[in-house]
Amino acid sequence: MTDIKELLLSRIRDVQDYPEPGVLFKDITPLLADPSAFTALTDALAELCVRHGATKVVGLEARGFILGAPVAIRAGLGFIPVRKAGKLPGATLAQSYALEYGTAEIEVHAEDLSADDRVMVIDDVLATGGTAEAALHLIRRAGAEVAGVAVLMELGFLPGRARLEPALQGAPLDALLVV
């Protein structure tokens, strides 16, 4: 695992003062552009899906789509996008959550998840945990079980893990990197 961590870290670029002064942005586009690193990431996340008995993968808009879709294919699972409100046609389930300043809402197609599903949530970064927490509530409201949450990197200096613990209800939270 040390080798993959080194590979992934070597392909994540730090961008100072983006999107605003004082913020150090972790840019994963160099990792996505490197087929060896992207494949290693996909394989590692797919292995977590298999290990935790997932039947479907939920990807969180937008970078969770980029990571989650190939993970689902690699693991032989279905992929379900969780989108910002108003982006999905047809009947949806919605979940609001608090942001630093205001609220946001995510949605999933109501028929995409069922009581037979064990769902792994995939995203690029765990920061404050608001979107992932809302997704866990949404998955359970759809009648499915949460298999776990897996992210490329966790920002360890932010409270995302602590915020997610109650919503996980014992399901695992795996971060390939903690920065």
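In this text the structure is predicted, and so the values were computed from the model without any measurement. What's counted below: heavy atoms across the whole structure, side chains too, no hydrogens, waters or symmetry copies.
Of the possible polar contacts, none joining the Gln95 side chain to the Ala135 backbone as a donor-acceptor pair under 3.5 Å is found. Of the possible polar contacts, one joining the Lys56 side chain to the Asp112 backbone as a donor-acceptor pair under 3.5 Å is found.
In this structure, the side-chain contact (heavy atoms from CB on, under 4.5 Å) partners of Ala69, at least two apart in sequence or on a different chain, are Phe79. Applying the side-chain contact (heavy atoms from CB on, under 4.5 Å) rule to Asp14 yields the partners Leu24, Lys26; only residues at least two apart in sequence or on another chain are considered.
For residues 24-49, the pairs satisfying ring pair (Phe, Tyr, Trp, His ring centres under 6.0 Å) are Tyr18-Phe25, with sequence neighbours left out. For residues 29-39, every residue pair satisfying the salt bridge (charged side-chain N to carboxylate O under 4.0 Å, His left out) rule, not counting sequence neighbours, is listed here: Arg11-Asp34. Annotation: side-chain hydrogen bond (donor to acceptor under 3.5 Å, both in side chains) contacts involving residues 71-88, sequence neighbours excluded, comprise Asp43-Arg74, Glu61-Arg83. Pairs passing the ring pair (Phe, Tyr, Trp, His ring centres under 6.0 Å) check and including a residue from residues 102-145, sequence neighbours excluded, do not occur.
Across all their heavy atoms, Ala44 and Leu176 have their closest contact at CB-CD1, 3.9 Å. Smallest separation of non-hydrogen atoms from Ile12 and Leu177: CD1-CD1, 3.6 Å. In this structure, Leu48 and Ala150 approach most closely via the heavy-atom pair CD1-CB, 4.0 Å.
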After noting the C-alpha distance and the side-chain angles of Val149 and Leu136, does the key distance pass the side-chain contact (heavy atoms from CB on, under 4.5 Å) rule? CA-CA 9 Å; Val149 175; Leu136 296 177; 3.8 Å; yes
Given side-chain contact (heavy atoms from CB on, under 4.5 Å), test Glu133 with Leu164 step by step and report yes or no. CA-CA 6 Å; Glu133 179 186 38; Leu164 272 188; 3.8 Å; yes
I would like to know whether Glu47 and Val50 meet side-chain contact (heavy atoms from CB on, under 4.5 Å); could you show each step before the answer? CA-CA 5 Å; Glu47 191 278 322; Val50 171; 5.8 Å; no
side-chain contact (heavy atoms from CB on, under 4.5 Å) between Ile122 and Leu45, intermediate numbers included: CA-CA 8 Å; Ile122 301 285; Leu45 292 173; 4.1 Å; yes
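Summarising the geometry, atom CG belonging to Asp124 is positioned 6.0 Å from atom CG belonging to Leu67; distances are rounded to the nearest 0.5 Å. Once rounded to the nearest 0.5 Å, the distance linking CD1 of Ile28 with CE of Met153 reads 6.5 Å. Going from atom CG of Leu32 over to atom CG of Leu152 covers 8.5 Å, rounded to the nearest 0.5 Å.
Contact of the Val146 side chain with the Val119 side chain is not registered, since no non-hydrogen atoms from C-beta on lie closer than 4.5 Å.
Counting heavy-atom neighbours within 6.0 Å of Arg63 CZ, excluding the residue itself, gives a total of 12 or less.
Leu60 and Leu88 fall into different hydrophobic clusters, where Ile, Leu, Val, Met, Phe, Trp and Tyr are joined by side-chain heavy atoms under 4.5 Å apart, directly or via other members. Both Leu173 and Ile139 belong to a single network of hydrophobic side chains, linked directly or stepwise wherever heavy atoms of I, L, V, M, F, W or Y lie under 4.5 Å apart.
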